[in-house]
Amino acid sequence: MYRLLIVDDEYHIREGLKLMVAESGLSVEVSDVAGDGATALRLYTEQRPDMVLLDINLPDMSGLDVAKTIRDKDQQTPLLFLTGYESMTYIRQAVSLQAVDYLLKPVTSEDFEAALSRAEDRIAQWRRSEEEAIHRHRSLEPLYREHLLLDLLQQRRPAVEVIREMDGLRFFGETSGPPYTVLCCELEEVSQQEAATSEPHGFMHKSSHVFARLAGEAAAAAGAKAHSAAASRDRRVVLLATASCRAAERTAQQIRQAVQERLSQGVSIGISRPVQRMEQLPEAYEEAVQAAEHRGWVGYSQIIPYESIQAAEPNSSQLLEKELLMITEIRAGNDAAVHAILQEWSGQLAGLPVKQVKMIVTQLVLFVMRIVQSDAFVGQTSMQEQDPLLELSRLRHGPEMIDYVSRYFVRVGRHVRESREKGIPRKFQRAKEWIREHLQEDGGLNRLAEYMNMSPKYLSARFKQVTGESFADYQTRVRFERARELLLDPNRKVAEVAEVVGFTDTNYFSIAFKKHTGLTPTEFRKTFL
């Protein structure tokens, strides 16, 4: 039987859906129900249902946000959406999340059963593909072992299935067992000579093979046993069996020294806490990754135990509240309030992994840039400085990012206050809002003139006089600002972004985007994600 998790905030709808499932005759049973997004994510994590039905409108968050969180961990679980609104925006997002179906309330039993059948078919197809992949991997056992290890650590498949296959392979042998410790090894930049003479995939394969041997030798010297896998080009994961905390640290030290000597690379190593059961290894893997990502704070080519970073984790909800409050004060031009909030906000950010800091400050800077450049009070002046996003992309350490962003927000607040004094009329603030909301539509100046009850010629002249930009220049700038914001969402395709900002031809959008920003959409994503 396939297990279905139902997420809807209305009790009667949940009960009705449970009844439909029971009467469908399909190999589907309701494993649990949830009335809000937080409960849904908890149940998903605990139970790992085979399929999930999500109402889009939930009391604490959007069902689409719940789906995105699931997709971050799992690309296979079939998702079905249920809503009372037929919105193209919702449908596009559902498609981008690889939804099986998008159902409108009130849903009929026929439509609901058809959607469940499609979900069943998708699961069956995926399992067939997995079985074929397993057969292919068995012909290359070392590679198969790497895949098994990543399947377990990254939760790509149910842990019970992976552990059963590991037992069948005698993965740990008869002389090794708990405690288990995970090492996350982040390789630093390769030497210039190696980078110039090696193909990317060839180098990864070579370094992965050599790294596995080095890890095995280091673990053996410390009295443990190691299994390693290449999680990405620059990340190696090592699972240590029969390893005490001291043995894990000695193994990490030996790996760091050997990688430096034999691969001519630095390596930062995060060490998880030891666990006693294999089912706990995914959590240990997350700990090791979090520890390694703190290298931006403690320095590169360091060994970082997870215990050393635990006390630094801030309250995420408080941090979000500070971000939103700071944006409000920036828009108001309140320098004193911005200074006070920045001081506390910076202290909270300092406890996060550098990758998370970069994500938070990049999103916040992008949002503030859009506010400052498009709100009515900006007027005819503009901030003369380098693109903040480009500056952020060049920074590698968390303190540098926080310092730069703090200074940028202070300058923004000052600029907002000075620009506000020029006082753009409310009428043209509405004009700017209209432009931002109608990027997909044709008609341009004539449509806006109709909305503003003005002649196009008079509107064009008056718009430039009041805002300091022509209608065409402002519309173009807003289009590419919106495009940059959307491209920071890795779930959106370039073609979808092009359509949202008013380009019907994706190739033309890429050419125009590069002309405006200096980067193609793909290059922009590689730089900032």
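Numbers here are sequence positions counted from 1.
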**Request:** Could you tell me whether Glu283 atom CD has more than 12 heavy atoms of other residues or ligands within 6.0 Å of it?
**Result:**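 Atom CD in Glu283 is not packed in, count stays at 12 or less.
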
**Message:** Please determine whether the number of non-hydrogen atoms from other residues, nucleotides or ligands lying under 6.0 Å from atom NZ of Lys514 exceeds 12.
**Reply:**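 Open.
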
Using the side chain to side chain donor-acceptor pair (under 3.5 Å) criterion, which residues pair with [X]? Sequence neighbours excluded.
| X | answer |
| --- | --- |
| Glu46 | Arg42 |
| Asp32 | Gln47 |
| Asp151 | Arg156, Arg157 |
| Thr77 | Asp74 |

**Request:** Please step through side-chain contact (heavy atoms from CB on, under 4.5 Å) for the pair Ile56 and Ser62, ending with a clear verdict.
**Result:** CA-CA 5 Å; Ile56 290 181; Ser62 167; 4.1 Å; yes

What residues, two or more places apart in sequence or in another chain, satisfy side chain to side chain contact (heavy atoms under 4.5 Å, CB included) together with [X]?
| X | value |
| --- | --- |
| Asp403 | Arg407 |
| Pro521 | Leu487, Val494, Phe509, Ser510, Phe513 |
| Thr45 | Lys73 |
| Ala34 | Val7, Thr39, Ala40, Leu43 |

Examine distances only and state if a side-chain atom of [X] and a backbone atom of [Y] form a donor-acceptor pair shorter than 3.5 Å.
| X | Y | answer |
| --- | --- | --- |
| Glu523 | Thr520 | yes |
| Glu165 | Val162 | no |
| Thr69 | Asp65 | yes |
| Glu146 | Ala230 | yes |
| Ser272 | Val182 | yes |

**Any side-chain donor near an acceptor of the partner, Gln75 and Gln98, under 3.5 Å** =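 Side-chain D/A pair, Gln75 to Gln98: present.
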
**Request:** Go through Glu29 and Tyr2 one step at a time and tell me if the side-chain contact (heavy atoms from CB on, under 4.5 Å) criterion holds.
**Result:** CA-CA 6 Å; Glu29 62 181 6; Tyr2 297 116; over 6 Å; no

**Item:** salt bridge (charged side-chain N to carboxylate O under 4.0 Å, His left out) contacts touching residues 47-62 (sequence neighbours left out)
**Value:**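 Sorted result for residues 47-62: Arg3-Asp50, Asp50-Arg127, Asp55-Lys105.
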
**Message:** Enumerate the salt bridge (charged side-chain N to carboxylate O under 4.0 Å, His left out) contacts for residues 248-268, please, sequence neighbours excluded, ordered by first and then second residue.
**Reply:**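 Listed once each, the pairs are Glu217-Arg262, Arg246-Glu249.
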
Spatial distance of atom [atom1] ([X]) from atom [atom2] ([Y]) [nearest 0.5 Å]:
| X | Y | atom1 | atom2 | answer |
| --- | --- | --- | --- | --- |
| Arg273 | Cys245 | CZ | SG | 10.5 Å |
| Leu486 | Arg484 | CG | CZ | 12.0 Å |
| Ile6 | Ser31 | CD1 | OG | 8.5 Å |
| Leu187 | Gln265 | CG | CD | 5.0 Å |
| Glu293 | Ser268 | CD | OG | 11.0 Å |
| Gln155 | Glu286 | CD | CD | 7.0 Å |

Please report the shortest heavy-atom distance between [X] and [Y], naming the atom on each side.
| X | Y | value |
| --- | --- | --- |
| Ile271 | Ala252 | CD1-CB, 4.0 Å |
| Gly63 | Leu54 | O-CD1, 3.7 Å |
| Leu80 | Ala115 | CD2-CB, 3.3 Å |
| Ala215 | Val238 | CB-CG2, 4.2 Å |
| Ala248 | Leu240 | CA-CD1, 3.8 Å |
| Val100 | Ala119 | CG1-N, 3.7 Å |

**Message:** Tell me every residue that passes salt bridge (charged side-chain N to carboxylate O under 4.0 Å, His left out) with Glu186, counting only those two or more places apart in sequence or in another chain.
**Reply:**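 Arg235.
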
**Request:** Using the test salt bridge (charged side-chain N to carboxylate O under 4.0 Å, His left out), find all partners of Arg118 that sit at least two apart in sequence or belong to another chain.
**Result:**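 Partners of Arg118 under the salt bridge (charged side-chain N to carboxylate O under 4.0 Å, His left out) test: Asp101.
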
**Request:** Please report the C-alpha distance between Leu82 and Asp8 in whole Å, then the side-chain angles of each, then the deciding distance to 0.1 Å, and finally whether the side-chain contact (heavy atoms from CB on, under 4.5 Å) criterion is met.
**Result:** CA-CA 8 Å; Leu82 184 65; Asp8 195 291; 3.8 Å; yes

**Request:** Test Gln154 against Tyr285 for side chain to side chain donor-acceptor pair (under 3.5 Å), laying out the working first.
**Result:** CA-CA 8 Å; Gln154 297 179 346; Tyr285 171 70; 3.2 Å; yes

